[in-house]
Amino acid sequence: MPIPTGPARAPRGPLRDVVYATLLDEIVTGVLPPGSDLSDEQVAQRLGVSRTPVREALDRLAAIDLVRVAPRRWTQVAPLDVRDAHDALDVSTTLLGHVLRGVSARLTPEDREVLQAYLDDGLRDAGTYAAALRQREPERTVLPVVLERHGNVAVARAHGILMPTVRRYLIQRHDTLDLDAALPPLRQSLRGAIDGDGRAARDGIVGWARALVPEAYAPRPVTVDAETERPQPTLAGEPATGDRTTTLAARTAADLRAAILDGTLEPGEVLREQPLMEWLGVSRTPLRVALTQLEFSGLVELTHHRLTRVSGLDERLAADRAELMWLLHRRAVDLAVPRLSPVRLSRLDAAVRVMDSAVDAGDLRTAAAYAVHWTGLLDDASGNRVLVRLTDLVRPTVQRHIAMAWDAARWRTMVAVLAAATRALADGDGPRARAALDEMHLVPPYPDGPAD
């Protein structure tokens, strides 16, 4: 389909954000279907802007897999991947369930009024709910309230990355959705939040997703790709043992990530495009997409019209990302337990043994690399590709933080915890494995009690 010729109705805000929001909405709603050509010049002309904000918007869309880019050849709308949409729904519901359980007791009277209005006006029946979805009512009203009240920047950003894919699927596959079955648990979720019952709010939102798209929660068979070996960690001065990246932007991000983790690029160092392009042997487009991905990871500070730098350590953001990783790893346990093969279990055990030896030798950089490698092996076994990509984005920042901030006693605890989790997984005991991860991440309990 060619780019629409009529004037676009764009939201207000900084120009780069206006262009991004406009293109995002057109892709999600199907105005720009898969395969649509996104020429910089044509998009700029249609929106009445220069090519610079268009290019920035396309880089951001490529970073969340809504746009595909062949540098110097073409930029197109990516196809809707049904499996990724199912996986994104699973992960986003996990995050939102956690948020709702945590904030339901802390919502203000004004917050509850917003939720009540949506419950009354948007969820009367399947027709009003379908209209609310088309008009983005949940994203414009309910979600901002609960995510802001929760206050975790990493969780909110992760949810924001996932929602376009979920919304795209719900809109473009609306004729396959059972809205009547999804309404009761969704009403339960909102009612629970309004009444301050966090467990009811969480259970309702999970029930909503399962009723709306039951195939997203079907058992995941163990396939050949599930047994593909995750590359061993690359340490300073060592060559990589494997590369699972497929695009030039992904490989560029991997090279930059390794350089930051091994100290080649130090905190605060300015990242200028031209020297990086020459060093990495890439053009500007894959470099910018890579920097956008690393900005979400927390390894890079990417601010419009300001210098791009390697980020420093931020204790608050580190805690936010640790909470995000805890949530994702708990979900990975649930999905992985019935899928773990002897091969995967042996790899988990081997990672713990390497980490144990590294701690004994005082080599905390290696210990950190293998600690996050263990979590990567667990995530791989989940079979949820979106969960794996999301944790791979966040994992490097966690690795850098624990390598620089943890003392020997904390590392001894980490070895014991991961060893216990490995034994629990070998026994097929998901609750015991989750309990070990709870101890590893040290996330505070919910207002209404511990995690379950």
Side-chain angles (χ1 to χ4, degrees), residues 38 55-79 81 84 87 158 161 165 224-266 269-302 308-311 365 368-370 372-373 375-377 379-380 385-400:
L38 295 173
R55 191 68 260 164
E56 292 176 351
L58 293 174
D59 290 342
R60 290 170 64 185
L61 291 166
I64 60 173
D65 299 319
L66 290 180
V67 162
R68 298 187 301 182
V69 179
R72 298 174 182 165
R73 293 172 54 203
W74 47 259
T75 302
Q76 296 178 345
V77 176
D81 187 306
D84 277 2
D87 288 354
I161 285 175
T165 297
V224 174
D225 69 303
E227 292 300 321
T228 301
E229 184 170 5
R230 172 176 287 262
Q232 295 293 311
T234 302
L235 307 176
E238 294 183 358
T241 59
D243 189 354
R244 304 196 312 171
T245 57
T246 55
T247 67
L248 185 56
R251 291 195 294 274
T252 302
D255 290 340
L256 286 171
R257 187 183 304 119
I260 293 171
L261 292 178
D262 69 20
T264 300
L265 298 174
E266 299 179 341
E269 187 163 347
V270 175
L271 301 175
R272 302 184 187 279
E273 287 188 352
Q274 192 59 43
L276 287 176
M277 289 161 56
E278 294 172 359
W279 177 45
L280 299 169
V282 297
S283 64
R284 183 167 279 106
T285 296
L287 175 61
R288 287 179 172 175
V289 173
L291 290 172
T292 301
Q293 294 173 348
L294 294 178
E295 191 266 340
F296 173 76
S297 300
L299 295 178
V300 164
E301 296 172 0
L302 190 63
T308 299
R309 300 177 183 275
V310 177
S311 65
R365 189 182 294 274
Y370 275 86
V372 298
H373 181 62
T375 64
L377 293 170
D379 298 336
D380 288 347
R385 297 186 307 197
V386 170
L387 185 150
V388 171
R389 290 198 292 267
L390 192 55
T391 53
D392 279 348
L393 279 176
V394 182
R395 207 182 317 276
T397 310
V398 175
Q399 176 179 336
R400 186 171 65 148

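What you are looking at is a predicted structure, and each value in this text was computed from that prediction instead of being measured. Below, all heavy atoms of this structure are taken into account, side chains as well, without hydrogens, waters or symmetry copies. Nothing fancy with the numbering, it's 1 onward along the sequence.
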Give the intermediate values and the outcome of side chain to side chain contact (heavy atoms under 4.5 Å, CB included) for residues V388 and R385. CA-CA 5 Å; V388 171; R385 297 186 307 197; 5.6 Å; no
To check you understand the geometry: which heavy-atom pair defines the closest contact between E266 and V310, and what is its length? O-CB, 3.2 Å
Roughly how far apart are L291 CG and E273 CD, rounded to 0.5 Å? 7.0 Å
Over all heavy atoms of both residues, which pair between V300 and S311 is shortest? Give the atoms and the distance, please. N-OG, 3.8 Å
In Å and rounded to the nearest 0.5 Å, what is the CZ to CZ distance from R272 to R309? 8.5 Å
Carefully, step by step, assess L287 and L256 under the rule side chain to side chain contact (heavy atoms under 4.5 Å, CB included). CA-CA 9 Å; L287 175 61; L256 286 171; 4.0 Å; yes
If the threshold is 4.0 Å, N to carboxylate O, is there a salt bridge linking E56 and R288? no
Decide, yes or no, whether a salt bridge links R389 with D392 under the criterion of side-chain N to carboxylate O below 4.0 Å. no
Taking all non-hydrogen atoms of both residues, which atom of R284 and which atom of M277 are closest, and how far apart? N-CE, 3.8 Å
T75 vs V67, test: side chain to side chain contact (heavy atoms under 4.5 Å, CB included). Steps then yes/no. CA-CA 7 Å; T75 302; V67 162; 3.3 Å; yes
Atom of R395, atom of T375 and distance for their closest heavy-atom approach: NH1-OG1, 2.7 Å
Using a distance-only test with no angle check, is there a side-chain donor-acceptor pair under 3.5 angstrom linking D379 and T391? yes
What closest approach, in Å, do A253 and A290 show between heavy atoms, and which atom pair accounts for it? N-CB, 3.5 Å
Rounded to the nearest 0.5 Å, the CG atom of L276 sits from the CD atom of Q274 at a distance of 9.5 Å
Return the CZ to CG distance between R68 and L61, rounded to the nearest 0.5 Å. 14.0 Å
Between L38 and Q76, what is the shortest heavy-atom contact and its length? CD1-C, 4.2 Å
Interatomic distance, L265 atom CG to R257 atom CZ [nearest 0.5 angstrom]: 13.0 Å
Qualifying residues under side-chain contact (heavy atoms from CB on, under 4.5 Å), relative to A158, sequence neighbours excluded: L95, F296, L324, L390
R251 and D255 ion-paired at < 4.0 Å: no
Hey, could you give me the CG/OG1 distance between L58 and T285, rounded to the nearest 0.5 Å? 9.0 Å
